[in-house]
Amino acid sequence: MLRKIDPVLSPDLLYVLRAMGHGDQIVIADANFPGSSLGPKALRADGISASHILRAVLSLMPLDTFVSDPAVTMQVVGAPEEIPEAVADFQTIINDVAEEDVVISSLERHAFYARAAEAFAIVQTGETRLYGNIILTKGVIG
């Protein structure tokens, strides 16, 4: 155990967060997401909500201030303007924890999958709320 590090951050996830460089992306995905088949390293966080993982990750990792969309979610199919409960929760967490003001942007479902396939890693959570997926771009520590 380590002090001031949320215990939901497993040794493998801590390694990934440390190994990522500026501009690398990590996906925090819900239980329905095809995390193991997309290609990037997939880490399991079964039984833990995406919101809890997001808060823990952002407690250690800065978001990128050099890109226009450092936090991206998946649009609701057929209703791209709708904001799912999980995404509203993600925005609240970002507002509370991130060092910079970031408004979550969104991508169409297949575009989101394509971007996730290029990520450094995917954290497959136990999140059961639909559309509980977010891609984060790592920033720098000044």
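The structure presented is a predicted model; accordingly, all values stated were derived computationally and were not measured. Residues: numbered from 1 along the sequence shown. Computed over heavy atoms, backbone and side chain alike; hydrogens, waters and symmetry mates excluded.
Rounding to the nearest 0.5 angstrom, the gap separating the CG atom in Leu9 from the CG atom in Leu60 is 5.5 Å. Between Ile28 atom CD1 and Ile53 atom CD1 the span is 7.0 Å, to the nearest 0.5 Å. From Leu136, atom CG reaches atom OG1 of Thr73 across 10.5 Å, with rounding to the nearest 0.5 Å. Atom CD1 of Ile93 and atom OG of Ser59 lie 11.5 Å apart (nearest 0.5 Å). Here NZ of Lys138 is found 6.5 Å from CZ of Arg18. Values are rounded to the nearest 0.5 Å. Summarising the geometry, atom CD1 belonging to Ile122 is positioned 4.5 Å from atom CG belonging to Leu38; distances are rounded to the nearest 0.5 Å.
Taking both residues in full, the closest heavy atoms of Leu107 and Ala111 are given as CD1-O, 4.0 Å, listed atom of the first, atom of the second, then distance. Gly132 and Ala86 get closest at one heavy-atom pair: CA-CB, 3.7 Å. When every heavy atom of Ala31 is checked against every heavy atom of Gly126, the shortest pair comes out as CB-C, 4.1 Å. What you find for Ala116 and Pro40 is that their closest heavy atoms are O-CG, 3.3 Å.
Listed by chain and number, the residues in a side chain to side chain donor-acceptor pair (under 3.5 Å) with Thr137 are Gln25 (sequence neighbours excluded). When the side chain to side chain donor-acceptor pair (under 3.5 Å) test is applied to Asp46, the partners found at least two apart in sequence or on another chain are Arg44. Scanning for side chain to side chain donor-acceptor pair (under 3.5 Å) contacts around Asp64 gives His22, with sequence neighbours left out. Asp96 is linked by a salt bridge (Lys or Arg N to Asp or Glu O under 4.0 Å) to Arg55, counting only residues two or more places apart in sequence or in another chain. With sequence neighbours left out, the ring-ring contact (aromatic ring centres under 6.0 Å, His included) criterion links Tyr113 to Phe33. For Ala114, there are no side-chain contact (heavy atoms from CB on, under 4.5 Å) partners, not counting sequence neighbours. In terms of the side-chain contact (heavy atoms from CB on, under 4.5 Å) criterion, residue partners of Ala98 (sequence neighbours excluded) are, by chain and number, Leu63, Ile94. Scored by the side chain to side chain donor-acceptor pair (under 3.5 Å) test, Gln124 finds no partners at all (sequence neighbours excluded).
At most 12 heavy atoms of other shown residues, nucleotides or ligands fall within 6.0 angstrom of atom CD in Glu99.
Pairs passing the salt bridge (charged side-chain N to carboxylate O under 4.0 Å, His left out) check and including a residue from residues 65-88, sequence neighbours excluded, read Asp69-Arg115, Glu85-Arg129. Applying the side-chain hydrogen bond (donor to acceptor under 3.5 Å, both in side chains) test to every pair with at least one member in residues 4-14, sequence neighbours left out, gives these pairs: Asp6-His52.
Side-chain contact check for Leu130 versus Pro84: every heavy-atom pair is 4.5 Å or farther apart.
Both Val57 and Phe90 belong to a common hydrophobic cluster when Ile, Leu, Val, Met, Phe, Trp and Tyr are linked at side-chain heavy-atom distances under 4.5 angstrom. No chain of hydrophobic side-chain contacts below 4.5 Å, direct or via other Ile, Leu, Val, Met, Phe, Trp or Tyr residues, connects Ile5 to Ile141. Met20 and Val72 fall into different hydrophobic clusters, where Ile, Leu, Val, Met, Phe, Trp and Tyr residues are linked whenever their side-chain heavy atoms come under 4.5 Å apart, directly or through other members. Leu13 and Val27 sit in two unconnected hydrophobic clusters of ILVMFWY residues. Membership requires side-chain heavy atoms under 4.5 Å apart, directly or through other members. Both Phe120 and Leu58 are members of a single hydrophobic cluster when ILVMFWY side chains are connected at heavy-atom separations under 4.5 Å.
Looking only at distances, no side-chain donor or acceptor of Ser49 sits under 3.5 Å from a matching main-chain atom of Glu127. Judged purely by atom type and a 3.5 angstrom limit, Asn133 uses its side chain to pair as donor or acceptor with the backbone of Asp30. For Tyr131 (side chain) and Ile83 (main-chain N/O), no donor-acceptor pair under 3.5 Å exists by modelled atom type.
Other cluster members for Val103: none, since no ILVMFWY side-chain heavy atom sits under 4.5 Å from it. Other cluster members for Phe66: Val140, joined by side-chain heavy-atom distances under 4.5 Å among Ile, Leu, Val, Met, Phe, Trp and Tyr.
Each of Ile26, Asp24, Val123 was scored for a side-chain contact (heavy atoms from CB on, under 4.5 Å) with Leu17, with one residue passing: Ile26.
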